[in-house]
Protein chains: 2
Amino acid sequence: MPETPRRAVGISGNRYGNRPTMKDVAARAGVGLKTVSRVVNGEPGVTPETERRVQEAIDALGFRRNDSARVLRKGRTATVGLVLEDLADPFYGPLSRAVEEVARAHGALLINGSSAEDPDREQELALALCARRVDGLVVIPAGDDHRYLEPEIKAGVATVFVDRPAGRIDADCVLSDNFGGAREGVAHLVAHGHRRIGFIGDMPRIHTAAERLRGYRAAMEDAGIAVEDAWMSLGATDPGRVRRAAEEMLTGPAPVTAVFSGNNRVTVTVIRVLAEQSRRTALVAFDDLELADLLQPGVTVVAQDAAAIGRTAADRLFRQLDGTLIAPERIEVPTRLVTRGSGELPPAD
Amino acid sequence: MPETPRRAVGISGNRYGNRPTMKDVAARAGVGLKTVSRVVNGEPGVTPETERRVQEAIDALGFRRNDSARVLRKGRTATVGLVLEDLADPFYGPLSRAVEEVARAHGALLINGSSAEDPDREQELALALCARRVDGLVVIPAGDDHRYLEPEIKAGVATVFVDRPAGRIDADCVLSDNFGGAREGVAHLVAHGHRRIGFIGDMPRIHTAAERLRGYRAAMEDAGIAVEDAWMSLGATDPGRVRRAAEEMLTGPAPVTAVFSGNNRVTVTVIRVLAEQSRRTALVAFDDLELADLLQPGVTVVAQDAAAIGRTAADRLFRQLDGTLIAPERIEVPTRLVTRGSGELPPAD
DNA sequence: TAGGGCCTGGACAACGTTGTCAGATGCGGG
DNA sequence: CCCGCATCTGACAACGTTGTCCAGGCCCTA
């Protein structure tokens, strides 16, 4: 028997491309609407015989429950939103995947959105997600004012900020120990005899960049080294800018003998520049990179565990939804110094 | 005036944490429901004075439209789904981001889901997305039978398969030229004097792995080389398996003098193994890697453009939704051989 | 001043589902 | 033989929005 083409003559008016609804299933099975609902949701109170009839109708019609309607009725979407900077950045892939896994364990799906480091876009995205009534929101802030989320949080949207703290509101945060990590990394260079150490980082308005710079300054101060302005360069992470910054530091009468790179985007360019130099310059980088151990020399890094951060954040999100969590907290995830060679080079002069 | 706490005594019954609805806004502004709807959607036919009153009420109550209800009414969710293998894989991050950008240009959001290369999970995910009535679906297949999507496609869900073709249904596909790319890569090794060339790839049931193997065989045949079984190893991409495979090929009386790596996960392990060997073995790898140019020697790769693939797929998706597209097509995106040194090493014996 | 057209605003139904509640059915015991 | 109870089933309202349609008021013209 050829399947009946439901895509009728053009009348119908049923959107969703003429999809069958529970009503259609009910009619076909000769039962009430609610009975279909019960079967679909595996609720008790349906005779096997009835269930069989309903199931048959479902299969015959190719029915699939419309979760939009369900959501409207139930009030929970089983969806969480993740606003990050750029999914193409290798730091965020694993983070997103970790959030997804936790969500999956709670039966929820994940909507990803990239803010491209633009505060307006972050807000637009976060609010669009709220309009869809996501149950929770994980935000990697681009902006520094998140009061726009206050009504949403009050209305019950679980919210966790990651990688950078929330601005001007009190909320859960999961952060790396940026300050401590950078300090440790720079101290490592100092311990190997360096005094003129450069710092190349992201834009200073970004919290992580500022914290890592602070860590750099602290380590230098610990060592009793007066930092010169020419040793520090903060700005966009595009290769051109980073390249110029690195080249400037490496030339002149008193070039730096070591560089601390504040971010994985910066690192890849710095490595390229250093590879071109005749003099060997030491390097410690914030964030691990794939293959970093295979370069000559291996790149010493301050590693963050993106997956652990994502997992922690998502856990907290769902605990907020459970009601297990009361007060917002700031959680710091430790970093780990991984020595591979580039950080152990002695000063070249 | 302190804002009225709508989180009332526990009665109310309003889910969504007591959110105000258009009805509340209408009551407060002293207008009809539809007028609020008009204001919210920027529809014409509202006097500036009325609009002001409504806007005031919206702000005062912190109203935000419930898109779940909107979706139910309108039949379009402005959401697309992307089922991929693993967002943590550096190949998929850029791909996902590209899909997201195109979706964003069409006012849509993106739900990502990882199948972890498990066909059942792929199906579960894809169908869950359909239940949410995504407008379209981009699928990177894990399984090889996609008939389960037939009713959905018939019901109007735009669908594009990426990276691997759809199984047993006729649908749009966007693929890399896996066969041609691998053939070119292996031919490159042959051209540099190699005859005993190994192939290490992903599980053979995966289309890309099979195609790349086919490309390998073709190139070998072109060169009149009889391939020995010991030169080929297909299987999981976990480091242990790959390491054993590589080490086997590289030992014995007639070890391979060059390796073709069929996938980026495989490549990182192969590079590690080769780096440990005393003998220099040539390498060409399918898929580019960050920093591949900085290794010693630089890794010669057959590069795929993940972003272009994602963009192409998403474009087609929205053209399906426009109705611009009629017949399913299979689009092949060319690969590009990038020579960096590892592929140009001569045979070591 | 009456009539007609235009503009604004609002009542109402509908989208597809689930929760509530009451009705129907069957069975066993008094 | 009838009643009561347990089990199964279905009618109906509600979720929050948007599309349809009509009412009323205004202005302009004859």
Side-chain angles (χ1 to χ4, degrees), chain A residues 12-54 57-58 61-78 130-133 155-156, chain B residues 6 11-54 57-58 61-78 130-133 155-156:
Chain A
S12 84
N14 192 329
R15 283 79 51 84
Y16 296 122
N18 270 340
R19 291 199 101 134
T21 71
M22 286 194 178
K23 208 160 131 194
D24 299 325
V25 175
R28 171 151 187 155
V31 302
L33 190 52
K34 188 62 222 251
T35 300
V36 177
S37 170
R38 275 193 271 261
V39 171
V40 169
N41 294 294
E43 286 168 30
V46 183
T47 14
E49 161 58 13
T50 309
E51 177 168 356
R52 194 192 52 73
R53 280 221 318 282
V54 171
I58 289 178
L61 296 175
F63 167 80
R64 184 168 319 282
R65 184 179 64 197
N66 183 332
D67 277 352
S68 293
R70 172 169 226 250
V71 155
L72 180 61
R73 193 60 238 255
K74 305 206 80 151
R76 278 281 167 108
T77 52
C130 290
R132 282 167 200 239
R133 297 295 186 267
Chain B
R6 290 195 88 263
I11 315 162
S12 82
N14 193 329
R15 285 77 53 82
Y16 295 122
N18 270 339
R19 293 200 99 136
T21 71
M22 286 194 177
K23 207 161 134 193
D24 300 323
V25 175
R28 172 148 185 156
V31 301
L33 190 52
K34 187 63 222 254
T35 301
V36 177
S37 170
R38 277 193 270 260
V39 171
V40 169
N41 294 294
E43 287 169 29
V46 183
T47 19
E49 162 58 14
T50 309
E51 175 167 357
R52 195 191 50 73
R53 282 219 319 281
V54 171
I58 288 178
L61 297 176
F63 167 81
R64 183 167 318 282
R65 184 180 63 198
N66 184 332
D67 278 352
S68 294
R70 172 168 226 252
V71 156
L72 180 59
R73 193 60 238 258
K74 305 206 79 150
R76 278 282 167 107
T77 52
C130 290
R132 283 168 199 237
R133 296 295 186 267

Classify [X] by what it touches in the nucleic acid, base, sugar-phosphate, or nothing, heavy-atom distance under 4.0 Å.
X       : value
A/Asp67 : nothing
A/Gly45 : base
B/Val46 : sugar-phosphate
A/Val31 : sugar-phosphate

Sub-4.5 Å side-chain heavy-atom contact between [X] and [Y]:
X       : Y       : result
B/Asn66 : B/Arg19 : no
B/Pro48 : B/Glu51 : no
B/Val46 : B/Val54 : no
B/Asn41 : B/Arg65 : yes

Proximity to the side chain of [X] - top-ranked nucleotide from [options]:
X       : options                : value
B/Leu72 : C/dG9, C/dC15, D/dT17  : C/dC15
A/Leu33 : D/dT17, C/dT18, D/dT9  : C/dT18
A/Arg65 : C/dT18, D/dG16, D/dT18 : C/dT18
A/Thr21 : C/dG16, D/dT17, C/dT18 : C/dG16

When you look at B/Arg52 and B/Glu49, which way does the side-chain contact (heavy atoms from CB on, under 4.5 Å) test go after all the steps? CA-CA 5 Å; B/Arg52 195 191 50 73; B/Glu49 162 58 14; 3.3 Å; yes
Would you check, one step at a time, whether the test side-chain contact (heavy atoms from CB on, under 4.5 Å) holds for B/Arg132 with B/Thr77? CA-CA 8 Å; B/Arg132 283 168 199 237; B/Thr77 52; over 6 Å; no
List, with names and distances, any nitrogen or oxygen atoms from the protein found under 3.5 Å away from nitrogen or oxygen atoms belonging to nucleotides 19-21 of chain D.
residue	atom	partner	partner atom	Å
D/dG19	OP1	B/Lys74	NZ	3.4
D/dG19	N7	B/Lys34	NZ	3.0

Starting from [atom2] on [N], measure out to [atom1] on [X] and report it in whole angstrom.
X       : N      : atom1 : atom2 : result
A/Arg70 : D/dT17 : CZ    : C1'   : 20 Å
B/Phe63 : D/dG16 : CZ    : P     : 10 Å
B/Asp24 : D/dC15 : CG    : P     : 11 Å
B/Arg19 : D/dA14 : CZ    : P     : 23 Å
B/Lys23 : D/dC15 : NZ    : P     : 6 Å
B/Glu49 : D/dG25 : CD    : P     : 18 Å

Below 4.0 Å: OP1/OP2 of [N] and any side-chain N or O of [X]:
X       : N      : value
B/Thr47 : C/dG9  : yes
B/Thr50 : C/dG9  : yes
B/Thr35 : C/dG10 : yes

Donor-acceptor pair, distance only, cut-off 3.5 Å: does the side chain of B/Arg28 make one with the backbone of B/Ala57? no
Is the backbone N or O of B/Cys130 less than 3.5 Å from a side-chain atom of B/Arg133, with the two atoms forming a donor-acceptor pair by type? yes
Sorted by position of nearest nucleotide on DNA chain D, 5' first, the leading residue of A/Gly30 and B/Asn41 is A/Gly30
